[in-house]
Each structure stands twice: as structure tokens, then as C-alpha cells.
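Computed from a prediction, not measured in an experiment: that's the story for all the values here. Hydrogens, waters and symmetry mates are skipped; everything else that's a heavy atom, side chains included, is used. In what follows, residues are counted from 1 in the order of the sequence shown.
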Amino acid sequence: MERRQDIALGLIFVGLGIAAAWMATSYSGAGGTYPMVLGVILTLLGGAVALRSIRTGSDAVRPLIDAPVKMITAVVIAAIFVALVVPLGFYTSSFLLMLALPIALGFRQGVYALIVALVFMTVVYLVFSV
């Protein structure tokens, strides 16, 4: 069952990625570049999931969620992020999200989390503002 599910999910992501990239071609100017790149990335990752499952998949049943507490923690932090976007702004909220989420999920190397958050915010600023 797992193998068929992974193949189907991978192919769904391939289809969504192709559709997103195709729709982005109709955007005027450079406005379609970012959604097109995201569509291509989604297509590639979906294809990788499907190919990996074809090559090494098993039919063993697996649990839907391995760590339900961590999933609930991530959902709560995501909700807090959404609530903070308006009062703090997108960049500040995103930076706090990038710091809080890894630490809340068990990553204990704060310096690395800070470096990743700074690099992520630099990339987000360059993509959305420059």
C-alpha cells in the first residue's frame, strides 16, 4: 500500500508543479519567475518521490504521523506565526518562526538555528524585495 501511495502522491505533485509552472508563463514581466521556479521545484521533488518509491518502496503499513506531539507543536507555532504577521510584519515574524520552530522540535544548536534563520531571511528579502 505504501508504495502505491507514494507513487500516486509523487505524480500528483508532478502534475501540480507542471500546472503551476504553466500558469506562471501567462504572468506579465518578471512576475511569473518566482511561481514558475516553485512549480519546477515541486515537479522535480514529486518526481523524486515517485521514482524513489518505484525503486525502493515497500508495501508495509506505516503510521500517518510518527510524532504527533511534534506535529501539534508545529501547527501551533505556524498559527502563532500567522497571528504575528500583521503586528510584527512578515520579515520579523518569519525570522522568529525560523528560530522557534527548530528549537521547539528538538534542535538544540542555537547558533546553527540563528545562522539558518539569517540566511533564510536574506534569501526571502532578496526574492521578495529586491
Side-chain angles (χ1 to χ4, degrees):
M1 184 83 165
E2 174 185 329
R3 184 179 191 159
R4 288 182 290 169
Q5 290 171 342
D6 287 346
I7 292 170
L9 185 64
L11 293 177
I12 288 170
F13 283 134
V14 166
L16 288 173
I18 290 171
W22 180 264
M23 289 186 342
T25 60
S26 66
Y27 294 171
S28 63
T33 303
Y34 184 68
M36 183 181 297
V37 169
L38 289 179
V40 169
I41 290 171
L42 185 61
T43 301
L44 294 174
L45 292 176
V49 167
L51 287 175
R52 178 176 166 228
S53 181
I54 290 169
R55 289 189 2 217
T56 62
S58 71
D59 289 332
V61 177
R62 65 179 177 203
L64 182 60
I65 302 170
D66 289 331
V69 173
K70 288 186 178 186
M71 186 205 66
I72 292 168
T73 302
V75 169
V76 168
I77 290 175
I80 292 170
F81 164 73
V82 171
L84 290 177
V85 167
V86 172
L88 295 181
F90 175 73
Y91 294 117
T92 305
S93 299
S94 297
F95 180 73
L96 292 174
L97 172 74
M98 291 302 296
L99 282 178
L101 193 57
I103 292 170
L105 296 178
F107 188 74
R108 297 290 175 232
Q109 297 179 351
V111 174
Y112 292 123
L114 179 64
I115 291 169
V116 168
L118 289 172
V119 169
F120 175 77
M121 289 314 303
T122 302
V123 170
V124 168
Y125 177 78
L126 291 173
V127 166
F128 289 111
S129 296
V130 177

Contact summary for G17 and L42, nearest pair of heavy atoms: N-CD2, 3.7 Å
Side-chain heavy atoms under 4.5 angstrom apart, residues restricted to Ile, Leu, Val, Met, Phe, Trp, Tyr: same cluster for V116 and L105? yes
Starting from V75, walk the hydrophobic network (Ile, Leu, Val, Met, Phe, Trp, Tyr; side-chain heavy atoms closer than 4.5 Å) and list everyone else you reach, by chain and number. none
Above 12 or not: heavy atoms from other molecules or residues under 6.0 Å from CZ of F90? yes
For P102 and L97, work out which heavy atoms get closest and say how close. CD-O, 4.1 Å
Is it possible for you to say whether Y112 and L118 belong to one hydrophobic cluster, with membership spreading through side-chain heavy-atom contacts below 4.5 Å? no
Do any N or O atoms from the side chain of T43 and from the backbone of G39 form a donor-acceptor pair under 3.5 angstrom? yes
Looking at every heavy atom in both A113 and F107, which two are closest together, and how far apart are they? N-CE2, 3.9 Å
Single-linkage hydrophobic cluster Y34~M121, side-chain heavy atoms < 4.5 angstrom: yes
For M36 against A24, the heavy-atom pair lying closest together: N-CB, 3.6 Å
Shared hydrophobic cluster, I12 / I7 (ILVMFWY, side-chain heavy atoms < 4.5 Å): no
Expected output: side-chain S26 to main-chain M23 donor-acceptor under 3.5 Å: yes
Does S93 reach the main-chain N or O of L84 with its side chain, forming a donor-acceptor pair under 3.5 Å? yes
Measure the spacing between CG of D6 and CG of L51 and express it to the nearest 0.5 Å. 12.0 Å
Intermediate values then yes/no, side-chain contact (heavy atoms from CB on, under 4.5 Å), V111 and I115: CA-CA 6 Å; V111 174; I115 291 169; 4.0 Å; yes
Are L44 and F13 packed together at the side-chain level, in the sense that at least one heavy-atom pair is separated by less than 4.5 angstrom? no
Determine whether L101 and F81 make a side-chain contact, defined as any pair of heavy atoms from C-beta on separated by less than 4.5 Å. no
Correct closest heavy-atom pair for Y27 and P35 would be CE1-CG, 3.7 Å
Which atom of I103 lies closest to which atom of R108, heavy atoms considered: O-NH1, 2.9 Å
Tell me whether L38 is reachable from V123 by hopping between hydrophobic residues (I, L, V, M, F, W, Y) whose side-chain heavy atoms are closer than 4.5 Å. yes
For Y91, which residues count as a ring pair (Phe, Tyr, Trp, His ring centres under 6.0 Å) partner, sequence neighbours excluded? Y125
